[in-house]
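Report on the following structure.
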Amino acid sequence: MGDPREPPGGTPEGGSNDDEFRSVVFDESFVRAARIQELSAQERLEGALGRATRPRGWGWLSVPRQAVVLMLVVAMAFAAAVYFGISSPRGHTVPPSGTQLTVSLTPLAPSGTVTAVADPANPFAGLPAGYADGPAGFGLPTATATAHFTGSQVQRALDFVQQYLVASELTPATLTANQTAQVRALITAGELAQYDESTNSPRDDQHHAATGWMVRFDPGQIALATDTVKATGSVHVGELNADTLEITTDHTLVYALRPAGTTSDPSVTLYAVRRAVRVDVDRTDLDTGRLRVVDAAVQAGPSSCSAGQSDYLQPVLATTAGVRPSVPPAVAPNDHGRPAWDSCGVLGPITG
């Protein structure tokens with residue numbers, strides 16, 4: 001009788017009863033220790049769902065929906081902040097820092113009747129020699145090295161000063177169109193708050209006169225007879241300290257003016273403005289293309305001594321009939337109700 005462990009058909013050819021599994025013995029203690037756990041219906045369902053679902057896409061797409069929404073909101077808020085910060089016409093204003101502008105304004109009243117120029121088509125014909133058109137009359141020096149600044153650094157500072165003088169003294173939009181942005185773009189960040197207060201709410205307190213920063217006239221009263229401005233004067237470069245260039249400018253500017261809205265009026269008046277301005281340019285300003293206007297002493301005439309000069313300069317214009325304005329008021333040294341710096345002079349001859 002055959003071995004009961006053999007297959008009914010006998011052991012296959014080449015086979016053996018002692019195959020590899022016969023060495024594995026499950027004794028009784030092993031069988032008893034084995035535990036069979038039946039999964040509940042809920043667990044089987046969850047297991048099936050887990051096996052049926054496979055993540056799709058890349059890792060960041062598996063982030064919870066709330067987190068994705070939050071990231072989008074933060075990104076949009078940041079983009080909006082950057083956009084409005086860059087596109088704001090006024091830009092960023094930092095708190096005042098360093099030396100602030102001090103202004104001295106002296107209107108010059110005419111000594112007699114204000115008369116129109118003889119030839120309105122050539123209003124500057126009577127000026128003495130030495131005046132030139134616009135920047136040609138600034139008298140900018142050749143840039144040379146100082147003790148702590150190279151020649152190229154001095155040249156950059158002089159370029160910034162010339163840009164400021166052109167924007168504040170020669171540009172028609174500044175002179176008669178109430179534009180202040182061109183000058184503002186050249187002012188150092190620490191003075192912008194003072195500048196904005198001076199142009200938005202000018203007052204004669206030696207620090208917040210718009211006419212300290214620039215030459216300007218009331219566009220409702222004054223118009224330019226020509227965009228040409230005659231200039232003469234000089235510019236000097238020195239050092240305030242090892243980190244700051246000190247540049248002083250002293251110019252006389254002559255404008256040809258007529259009443260606003262009266263282009264048919266043949267009368268043209270010459271109006272003279274002397275501006276002595278001190279400008280500081282430090283190493284940071286050289287990098288940003290800005291400057292600090294420290295002092296501005298302004299004399300202008302023929303002007304009215306009775307009208308304030310902090311917002312606009314106040315020319316007395318000639319008319320065809322000729323009008324003699326009031327003489328400057330007497331200054332009483334014991335009148336403490338009037339600021340000590342508030343004074344008026346008498347205009348000398350412009351044409352020599």
Side-chain angles (χ1 to χ4, degrees), residues 89-109 164-165 167-169 171 173-222 249 253 255 257 260 271-280 290-316 325-326 328-345 347:
R90 303 298 290 183
H92 178 61
T93 302
V94 301
S97 65
T99 305
Q100 301 291 286
L101 173 63
T102 299
V103 181
S104 171
L105 291 170
T106 304
L108 301 176
Y164 168 70
L165 294 176
S168 65
E169 300 175 346
T171 304
T174 301
L175 298 175
T176 56
N178 271 336
Q179 295 297 313
T180 60
Q182 291 188 46
V183 175
R184 189 182 192 276
L186 299 169
I187 303 300
T188 192
E191 281 190 314
L192 290 180
Q194 183 190 16
Y195 180 87
D196 291 342
E197 190 171 357
S198 300
T199 54
N200 294 331
S201 183
R203 53 192 182 275
D204 186 13
D205 63 355
Q206 290 189 297
H207 297 289
H208 296 95
T211 46
W213 300 95
M214 71 199 83
V215 176
R216 69 176 193 166
F217 307 105
D218 184 349
Q221 303 293 325
I222 304 296
T249 72
L253 308 142
Y255 303 87
L257 307 179
Y271 188 77
V273 178
R274 180 180 177 183
R275 293 186 82 216
V277 180
R278 174 189 151 194
V279 172
D280 289 351
R290 293 173 178 260
L291 46 77
R292 181 181 298 276
V293 186
V294 179
D295 291 301
V298 180
Q299 299 174 347
S303 292
S304 169
C305 288
S306 59
Q309 311 284 326
S310 60
D311 194 359
Y312 302 107
L313 297 178
Q314 302 291 335
V316 175
S326 59
V331 176
N334 63 342
D335 182 6
H336 294 177
R338 181 176 179 177
W341 66 84
D342 183 11
S343 62
C344 184
L347 176 67

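- Checked by atom type and distance alone, the side chain of His207 pairs as donor or acceptor with a backbone atom of Leu101 at under 3.5 Å.
- Evaluation of the salt bridge (charged side-chain N to carboxylate O under 4.0 Å, His left out) rule for Asp218 yields no partner, not counting sequence neighbours.
- In this structure, Pro219 and Asn178 have side chains that are in contact, with non-hydrogen atoms separated by less than 4.5 Å.
- A heavy-atom distance below 4.5 Å is found between the side chains of Arg184 and Asp196.
- Listed for the Arg203 side chain is a donor-acceptor partner under 3.5 Å among the backbone atoms of Ser201.
- Between Arg275 and Gln299 the shortest side-chain heavy-atom distance does not fall below 4.5 Å.
- Tyr195 contributes a side-chain N or O that, together with a main-chain N or O of Thr180, makes up a donor-acceptor pair within less than 3.5 Å.
- The main-chain N or O of Thr211 is never found under 3.5 Å from a side-chain atom of Arg216 such that the two would form a donor-acceptor pair.
- Minimum interatomic distance between Ala300 and Ser303 (heavy atoms only, all atoms of both residues): O-OG, 2.8 Å.
- One distance of note links OG1 of Thr199 with CD of Gln179; it measures 11.5 Å at 0.5 Å rounding.
- Here Tyr271 pairs with Phe217 under the ring pair (Phe, Tyr, Trp, His ring centres under 6.0 Å) rule; sequence neighbours left out.
- With hydrogens and angles ignored, the 3.5 Å screen pairs no side-chain donor or acceptor of Arg290 with any backbone N or O of Ala189.
- Rounding to the nearest 0.5 angstrom, the gap separating the CG atom in Leu291 from the CG atom in Leu186 is 6.0 Å.
- Nearest heavy-atom pair, Ala209 versus Leu105, reported as atom, atom and distance to 0.1 Å: CB-CD1, 3.9 Å.
- Between the side chain of Glu191 and the main chain of Val293, a donor-acceptor pair closer than 3.5 Å is present.
- Every salt bridge (charged side-chain N to carboxylate O under 4.0 Å, His left out) that Arg274 has, sequence neighbours left out, goes to Asp250.
- Here the closest heavy-atom approach between residue Ala296 and residue Gly212 is recorded as CB-O, 3.3 Å.
- Across all their heavy atoms, Ala210 and Pro202 have their closest contact at N-CB, 4.0 Å.
- Side-chain atoms of Thr174 come within 3.5 Å of backbone atoms of Ala167 as a donor-acceptor pair (strictly under, hydrogens ignored).
- Taking each heavy atom of Leu257 and Pro315 in turn, the nearest pair found is CD1-CG, 3.8 Å.
- At least one donor-acceptor pair under 3.5 Å links the side chain of Gln309 to the backbone N or O of Ser304.
- Distance OH/Tyr255 to OG1/Thr176: 11.0 Å, rounded to 0.5 Å.
- Ser198 is linked by a side chain to side chain contact (heavy atoms under 4.5 Å, CB included) to Gln194, His208, Trp213, counting only residues two or more places apart in sequence or in another chain.
- In this structure the side chain of Val215 reaches within 4.5 angstrom of the side chain of Leu175, judged on heavy atoms.
- Take Arg278 and apply the salt bridge (charged side-chain N to carboxylate O under 4.0 Å, His left out) test, not counting sequence neighbours, and it matches Glu246, Asp280, Asp295.
- Contacts classified as salt bridge (charged side-chain N to carboxylate O under 4.0 Å, His left out) and involving residues 98-109 (residues at least two apart or in different chains) are not found.
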